[in-house]
2 protein chains.
Amino acid sequence: MDKTDLVRFEAQAQIMKALSHPTRLFIVHELAKGEKCVCELTEMVGADTSTISKHLSIMKNAGIVGHEKRGTSIYYTLKMKCVLNFFVCVNEVLKKNYEAQRAFA
Amino acid sequence: MDKTDLVRFEAQAQIMKALSHPTRLFIVHELAKGEKCVCELTEMVGADTSTISKHLSIMKNAGIVGHEKRGTSIYYTLKMKCVLNFFVCVNEVLKKNYEAQRAFA
DNA sequence: ATATAATTTGGTTATATTACCAAACAGCCA
DNA sequence: TGGCTGTTTGGTAATATAACCAAATTATAT
């Protein structure tokens, strides 16, 4: 594996990693419906505000979400819309895995 | 976030996580070109055989790759073809991130 | 200017991931 | 059978993630 490829794969992995947590996936799904502030997401998830803030920070750094300040709150939006197509792909795999497991039960 | 959703997001996250490592992304890219045995991938990556074997095991359990024994080797293949479309999506984000960063330099 | 609400940052602890080495295992073939 | 090749498993140490609490920061609005 050459150096250039490694750098690219590391960059890709960082984005994938930013999408590899249940809470972050939930947030992505919610933002797909429309913008939300940290306080709304905190309420929905039921975790500490700082925890949610850190999750958002990870996704912001990865370029997955964007944020805009309005009034006293910061509203987050989904920038990486194409990720939604991928969930279809992931769900297909989950379905196949389920069926494969079922065949042995 | 309700219980059912949590279970689904956890399952999705596990698949994403299986795709969140540079070496595993490299392997996926190689398998996209055609099947490869563990020994070939080990050679290409330049890591310990056991390391590669574990990476493959993670992706096999996630349903991303499949394997077939032939002769003395085990050949791995890419089952989750739709992941390739997602790489296009990820690369778009990387490009945007790069441009955004460049605008400040 | 200050009080207030919203968000981020720092600290700590628990858990997960990853790499390598060494050893076990499997199965093909002389 | 017995040796070889290829692969997986177990152990260990280093690093990375993630959760919560507490404290700092920001800026809105009185």
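The stretch residues 43-50 of chain A touches DNA chain D through A/A47, A/D48, A/S50, each having a heavy atom within less than 4.0 Å of the strand. DNA chain D lies under 4.0 Å from at least one heavy atom of each of the following residues of residues 62-74 of chain B: B/T72, B/S73, B/I74. Residues from residues 11-32 of chain B with heavy atoms under 4.0 angstrom of DNA chain D: there are none.
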Please walk me through it: do B/H55 and B/V45 pass side chain to side chain contact (heavy atoms under 4.5 Å, CB included)?
CA-CA 12 Å; B/H55 281 309; B/V45 173; over 6 Å; no
Please determine whether side chain to side chain contact (heavy atoms under 4.5 Å, CB included) holds for the pair B/N91 and A/R8, giving the CA-CA distance in whole Å, both sets of side-chain angles, and the decisive distance to 0.1 Å.
CA-CA 9 Å; B/N91 287 335; A/R8 152 128 327 184; 3.7 Å; yes
Given B/T23 and B/I52, is the side chain to side chain contact (heavy atoms under 4.5 Å, CB included) satisfied, shown in steps?
CA-CA 8 Å; B/T23 299; B/I52 302 301; 4.2 Å; yes
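Atom pair A/I58:CD1 and D/dA16:P shows a separation of 14 Å (rounding to whole Å applied). Note: CG (A/L56) to C1' (C/dT9) measures 15 Å, nearest angstrom. What separates CG of A/L41 from P of C/dT8 is a distance of 11 Å, to the nearest Å. The separation between A/Y75 atom OH and C/dT8 atom P is 13 Å, rounded to whole Å.
The base of D/dG11 lies close enough to the side chain of B/K54 for a donor and an acceptor atom to sit less than 3.5 Å apart.
With hydrogens and angles ignored, the 3.5 Å screen pairs a side-chain donor or acceptor of A/N97 with a backbone N or O of B/A62. A/Q101 contributes no side-chain N or O that, together with a main-chain N or O of A/Y98, makes up a donor-acceptor pair within less than 3.5 Å.
Between A/Y76 and C/dT8 there is a side-chain N or O to OP1 or OP2 distance below 4.0 Å. OP1 or OP2 of C/dA19 sits under 4.0 Å from a side-chain N or O of B/H55. Put simply, A/T51 has a side-chain N or O that comes within less than 4.0 Å of OP1 or OP2 on D/dC20.
The shortest heavy-atom contact between A/A18 and A/I64 is CB-CD1, 3.6 Å. Across B/Y76 and B/V65, no two heavy atoms sit closer than the pair CD2-CG2, 3.8 Å.
The only member of B/K79, B/M80, B/K81 that meets side-chain contact (heavy atoms from CB on, under 4.5 Å) when paired with B/V83 is B/M80.
Partners of B/A11 under the side-chain contact (heavy atoms from CB on, under 4.5 Å) rule, at least two apart in sequence or in another chain, are A/L94.
Residue pairs meeting the side-chain hydrogen bond (donor to acceptor under 3.5 Å, both in side chains) criterion with at least one member in residues 26-36 of chain A, sequence neighbours excluded, are A/E30-A/K33, A/E35-A/R70. Within the structure, the disulfide bond (SG atoms under 2.5 Å apart) test picks out the following pairs touching residues 50-87 of chain B (sequence neighbours left out): A/C89-B/C82.
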